[in-house]
**Q** 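I have a structure I would like to understand better, so I am pasting it below and will then ask my questions one at a time.
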Amino acid sequence: MKRSDDTSHIHPPERSQQPFQAVAMPVERASTIVFDDLEAFEKRAERVYDGFSYGLYGTPTSRLLEDHVAQLEEASRALVVPSGMAALTLATMAVCRSGDRILMPETLYGPGRDMILRFLGPLGIAAQSYDPRLDAGIAELLDERTRLVWVESPGSASFEIQDVPAIVAAAHKASALVAADNTWASHLLFKPLAHGVDISMQALSKHASGHGDLLMGSLAVRDEALFRRLKDTARFLGYGVSPEDCALCERGLMTMPIRMRHAAASAAEILAWLSQRPEIVRILHPAMPEHPGHAVWKRDFSGAAAVFSIVLRPELAPLQNEVLRRMRLFKLGASWGGVHSLIAVNDPRKGRTSLDWLPSGPVWRLSIGLEAREDLIGDLEQAFALFVDFATASKAEGRRAAE
Ligand SMILES: *Cc1c(COP(=O)(O)O)cnc(C)c1O
């Protein structure tokens, strides 16, 4: 039957797709998915956890990425969502109901803490912050209402290491679940589920995506009922991810171990250089032997990420802006784990009572990228020269004042 031009614009001639076997992940877009018969259509809701019913609930591309993340996390199931923040929100909302209580470390990712306090609080979900160094001592904070314990090790900005297995043991004894924001280490350097954690969360926007151009988060679990609760909650919230983003994320995953190893080796050299600098009073990185969490980090992690903080002398605070502006390679910006080296200036002391150990002074978080090490050190050196000029000038001024 001859078709009208209008129809032909929608139905191209059929052509076999076989054999076409690319090594790259195929990008399959869909909102609409069609069914062979009425029975299949009426039962489409059964396909929400596996298979395909509507683009929002999964495409071949998103399912491939989820299977890959599950494998890397040593999980049975994984879910990808539009951002790390979405993953944090989803895990919390799937587990907690009105009347439940959450324990979260003071170091939990700031926007996540805000979401728990300001969004879930008014919905009747209580939250208590705890000192991230509490470890097994968390047992005293657990009660029969506590449904969920968040951990984040190392902690945002201040890099305290938590004894995750000890926290898991205490939480499980009190019938609470444990969720880990594992964005710093990623599945590559720490496997939360293998350490007893119930929900492993990470922002794939960081190490996995790796190029500062993609937002995505993941949740991985070993329990099918928990997976279904997460998937249902994602459905209710309307969380879906684009297949293009999934394929980009998959491309990032393929080079992630090599990028992370390279950045970690650069970070080690940069840390050695920073250790010699008089401007710096403390380096916050668990791979440093003097870090209080070093032994636990060594026990539980298989390596170090190239993300850490430094504490500058307090008297250098007024010079920060000039020094940051003088940097050519290090850019001032949030996020981490990408090919570009970044510095973020955050005061972790805000709203936290457990930081009495942190010396005073500005805190900079550095994320080491893939630029050549010598160029990165050169960049820091030329920018830090301004600190040196300042120190020389203030010494001269001191001498003049003394004369
Ligand atoms: C970046 C980050 C998140 C949020 O991820 P987005 O994809 O940017 O929403 C959550 N937790 C930690 C520790 C992060 O660094």
Side-chain angles (χ1 to χ4, degrees), residues 62 65 69 73 78-93 102 104-117 119 129 132 148-162 164 178-190 192 197 199-220 234 237 239-242 245-246 248-249 252-253 256 260 263 284-286 293 297 301 304-309 333-338 340-346 348 352 363-369:
S62 68
L65 178 61
V69 170
E73 292 265 11
L79 196 61
V80 293
V81 293
S83 66
M85 185 58 201
L88 213 157
T89 303
L90 179 59
T92 312
M93 290 190 76
I102 299 168
M104 57 179 178
E106 281 195 347
T107 39
L108 191 68
Y109 178 66
R113 280 171 55 82
D114 260 7
M115 177 276 298
I116 289 172
L117 294 171
F119 176 60
S129 293
L148 181 65
V149 179
W150 270 104
V151 296
E152 184 180 323
S153 179
S156 280
S158 49
F159 293 87
E160 297 92 331
I161 288 287
Q162 298 192 267
V164 172
V178 179
D181 183 338
N182 191 39
T183 300
W184 182 85
S186 84
H187 55 267
L188 190 66
L189 305 179
F190 179 66
V197 166
I199 304 175
S200 174
M201 172 249 145
Q202 66 174 310
L204 296 171
S205 319
K206 308 291 168 60
H207 300 303
S209 120
H211 296 73
D213 56 3
L214 178 70
L215 289 161
M216 202 175 295
S218 64
L219 296 168
L237 293 171
Y239 283 175
V241 287
S242 107
D245 284 355
C246 290
L248 258 187
C249 185
L253 277 176
M256 176 178 152
M260 285 185 77
L284 309 174
H285 190 308
W297 170 76
F301 291 65
V307 183
F308 56 88
S309 287
S335 195
W336 76 52
H340 302 92
S341 293
L342 294 174
I343 296 180
V345 181
N346 283 316
R352 283 168 54 179
V363 179
W364 290 7
R365 188 187 68 207
L366 277 69
S367 173
I368 306 304

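First listed ligand is number 1; within each ligand, the first listed atom is number 1.
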**Q** Which residue holds the protein heavy atom closest to atom 8 (O) of ligand 1, what is that atom called, and what is the gap in Å?
**A** Leu215 CD2, 4.0 Å
**Q** How long is the span from the CG atom in Leu90 to the OG atom in Ser218, to the nearest 0.5 Å?
**A** 11.0 Å
**Q** Can you name the nearest heavy-atom pair linking His187 to Leu253, along with the distance?
**A** CE1-CD2, 3.8 Å
**Q** Side chain or backbone, does Met201 bring an N or O within less than 3.5 Å of an N or O on ligand 1?
**A** no
**Q** Looking only at protein heavy atoms, identify the closest one to atom 14 (C) of ligand 1 and say how far it is in Å.
**A** Lys206 NZ, 2.9 Å
**Q** If the cut-off is 4.0 Å to any non-hydrogen atom of Glu152, which atoms of ligand 1 fall inside it?
**A** 13 (C)
**Q** Can you pull out the closest protein heavy atom to atom 9 (O) of ligand 1? Residue, atom name and distance to 0.1 Å, please.
**A** Met85 N, 2.9 Å
**Q** Quick one: look up the protein heavy atom nearest atom 7 (O) of ligand 1 and list residue, atom name and how far away it is.
**A** Ser205 OG, 2.5 Å
**Q** By number and element, which atoms of ligand 1 are closer than 4.0 Å to a non-hydrogen atom of Thr183?
**A** 11 (N), 12 (C), 13 (C), 14 (C), 15 (O)
**Q** I'd like to know whether ligand 1 has Gln202 as a neighbour, heavy-atom separation below 4.0 Å.
**A** no
**Q** Do Trp336 and Thr183 meet the criterion of a side-chain donor-acceptor pair at a distance under 3.5 Å?
**A** no
**Q** Any donor-acceptor pair under 3.5 Å linking the side chain of Trp184 with the backbone of Val307?
**A** yes
**Q** List the closest protein heavy-atom neighbour of atom 12 (C) of ligand 1: residue, atom name, distance to the nearest 0.1 Å.
**A** Asp181 OD2, 3.4 Å
**Q** Rounded to the nearest 0.5 Å, what separates atom OH in Tyr239 from atom CG in Leu79?
**A** 10.5 Å
**Q** Should Leu188 and Met256 count as side-chain neighbours, where that means a heavy-atom distance under 4.5 Å?
**A** yes
**Q** Taking the side chain as C-beta and beyond, is there a heavy-atom pair between Pro192 and Glu73 under 4.5 Å?
**A** yes
**Q** Considering distance alone, does some N or O of Ser156 sit under 3.5 Å from an N or O of ligand 1?
**A** no
**Q** Mind checking the CG-NE2 spacing from Leu189 to His207? Nearest 0.5 Å is all I need.
**A** 7.0 Å
**Q** Is ligand 1 under 4.0 Å from a heavy atom in the side chain of Ser83, in the backbone, in both, or in neither?
**A** both
**Q** Determine whether the side chain, the backbone, both or neither of Trp336 has a heavy atom under 4.0 Å from any heavy atom of ligand 1.
**A** side chain
**Q** With a cut-off of 4.0 Å, which atoms of ligand 1 are near a heavy atom of Gly84?
**A** 4 (C), 5 (O), 6 (P), 7 (O), 9 (O)
